[in-house]
There are 2 protein chains.
Amino acid sequence: MSLPHAILTALLEKPSSGLELTRRFDKSIGYFWSATHQQIYRELGKLEAEGLIRTLPAEQPARGQKKSYEVLPAGRAELARWTAAAQDPKTMRDPLLLRLRAAAVVGTAGLEDDLRRHLESHRRQLAEYREIERRDFPPDRDAPEDRLRHLVLRAGIDLETFWTQWLTHALAEFAELPDAD
Amino acid sequence: MSLPHAILTALLEKPSSGLELTRRFDKSIGYFWSATHQQIYRELGKLEAEGLIRTLPAEQPARGQKKSYEVLPAGRAELARWTAAAQDPKTMRDPLLLRLRAAAVVGTAGLEDDLRRHLESHRRQLAEYREIERRDFPPDRDAPEDRLRHLVLRAGIDLETFWTQWLTHALAEFAELPDAD
DNA sequence: AGGCTTTTTGCAACTAGTTGCACAACGGGC
DNA sequence: GCCCGTTGTGCAACTAGTTGCAAAAAGCCT
């Protein structure tokens, strides 16, 4: 049950409307917890019904019929509770590794191209993370919240680094394999 | 839609009953695609209905009586198709990183213990992978299927290595943080 | 033989996430 | 004034995975 807590975190960082949240879930928070706008609207409704958030009383006119939400004390308390609660390590599920295992049985035909696509995409993500690090975490900033956020970003960077290296290695292995299937 | 293909792969490696599959999903295949026994039984039923697998002709089945399955040619073809098909990189979802991000807002109280638990669990998994590597992939074996399976295992080893390092680093940061919340 | 436990299979209900679409409001172009 | 694309919100149906429980066969004990 992480989505509500992802939303609470995002709203604490900055009160937002559903669409703004959706946009923010396409970067930042969404880098390690993705969500679609439908999920977000549904969850906002629930959180409001539970009294963890509320709509900000209307302010600037702007366009549309925007509803902005902010976190109530009960919401902050729930987030703190969840953050501190012990959770079991998630069960791993990686389709790409599964496909490689399958390829050991049914042959590697066609797989190589997709590995290249994945490599490309991990490289792009890595470059983006590095850019964020350069922009948001210059060496002199180290307020506690910054250090935690930087730590999370480092996890992203190191994970993408791992994948680019591993995929590169995998492609090299493929090149050496007899390519019958 | 990976579960059916995980099962096909497992059954091609060795025909099994539902419970045997469940056991195998607790190691090996399950290391990167976990599944519960209920998922597996349901999926076996579907795969049989679709004509991708069949029960081994032993005795007519009844509840509580073992049924073993094997993959039919159509099943192998479907697995080959799926393996070669392009798939988008999965959207990342990691509750632990999310909690760290939340901790930057609501404080780190209580989180440290759970990080230690996770570190312990990743260390255990890493040791297990290393043992499998030692046992199943001595330096002289390199048949093509072995190389692919070894590649997958290397991914597991490197991922667990990353997590142990990152968690160690995170705990070190925590030690330096003012621990008010 | 009678009951007790384990093995093996499975149903049903639930939770979480995805996909496809609907609809209202507003701004801009003509 | 009217169509049209954009912004913003939302419902409904579907797919995938989880949890809790139960029931048939088989072995085990005395």
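Note on naming: letters A, B, ... go to the chains in the order of the sequence lines (proteins, then strands), and numbering restarts at 1 for each one. Treat the numbers as computed from the prediction; the structure is a model and nothing was measured.
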Notebook entry, point to check: Above 12 or not: heavy atoms from other molecules or residues under 6.0 Å from CZ of B/R130?
Noted result: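 Result for CZ/B/R130: open.
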Notebook entry, point to check: Nearest of D/dT9, C/dT8, C/dG17 to any side-chain atom of A/L3?
Noted result: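 Given the options D/dT9, C/dT8, C/dG17, the side chain of A/L3 is closest to C/dG17.
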Note to self: Among D/dG10, C/dG10, D/dT18, which nucleotide has an atom closest to any side-chain atom of A/K67?
What the structure shows: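 Selected nucleotide: D/dG10.
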d([atom1], [X]; [atom2], [N]) in whole Å:
| X | N | atom1 | atom2 | value |
| --- | --- | --- | --- | --- |
| A/R93 | C/dG17 | CZ | C1' | 13 Å |
| A/K90 | D/dG17 | NZ | P | 15 Å |
| B/H37 | C/dA12 | NE2 | C1' | 13 Å |
| A/K46 | C/dG17 | NZ | C1' | 11 Å |
| B/E43 | C/dC11 | CD | C1' | 16 Å |
| A/L47 | D/dT9 | CG | P | 15 Å |
| B/M1 | D/dC14 | CE | C1' | 13 Å |
| A/Q39 | D/dG10 | CD | C1' | 14 Å |

Would you say [X] reaches [N]'s phosphate, i.e. side-chain N/O to OP1/OP2 under 4.0 Å?
| X | N | value |
| --- | --- | --- |
| B/Q38 | C/dG10 | no |
| A/R42 | C/dT19 | no |
| A/Y41 | D/dG10 | no |

Check: side-chain contact (heavy atoms from CB on, under 4.5 Å) between A/F174 and A/L111: does it pass, once the steps are laid out?
Finding: CA-CA 9 Å; A/F174 269 51; A/L111 187 46; 4.0 Å; yes
Checklist line | Parallel, tilted or perpendicular: ring planes of B/H5 versus B/W82, cut at 30 and 60 degrees | finding: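 Parallel, since the angle between the ring planes stays under 30°.
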Next item on the list: Indicate the ring-plane relationship of B/W163 and B/W166, choosing parallel, tilted or perpendicular according to the 30° and 60° boundaries.
Entry: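 Geometry flag for B/W166 against B/W163: perpendicular rings.
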Notebook entry, point to check: Which of residues 15-36 of chain A sit near DNA chain D, with a heavy atom under 4.0 Å from it?
Noted result: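 Residues of residues 15-36 of chain A under 4.0 Å from DNA chain D: A/S17, A/G18, A/L19, A/R23.
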Without placing hydrogens or testing angles, list every side-chain donor-acceptor pair under 3.5 Å for residues 21-29 of chain A, not counting sequence neighbours.
unit_1, atom_1, unit_2, atom_2, d
A/T22, OG1, A/G18, O, 2.9
A/R24, NH1, A/A10, O, 3.0
A/R24, NH1, A/K14, O, 2.9
A/R24, NH1, A/S16, OG, 3.0
A/R24, NH2, A/A10, O, 3.0
A/S28, OG, B/R101, NH2, 2.7

Checklist line | Short N-O contact, A/R99 and A/D114, less than 4.0 angstrom | finding: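 The answer is yes: the pair qualifies as a salt bridge.
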Notebook entry, point to check: For the side chain to side chain donor-acceptor pair (under 3.5 Å) test, which of A/H122, A/Q125, A/Q165 pairs with A/E160?
Noted result: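 For A/E160, the side chain to side chain donor-acceptor pair (under 3.5 Å) test succeeds with only one of A/H122, A/Q125, A/Q165, which is A/H122.
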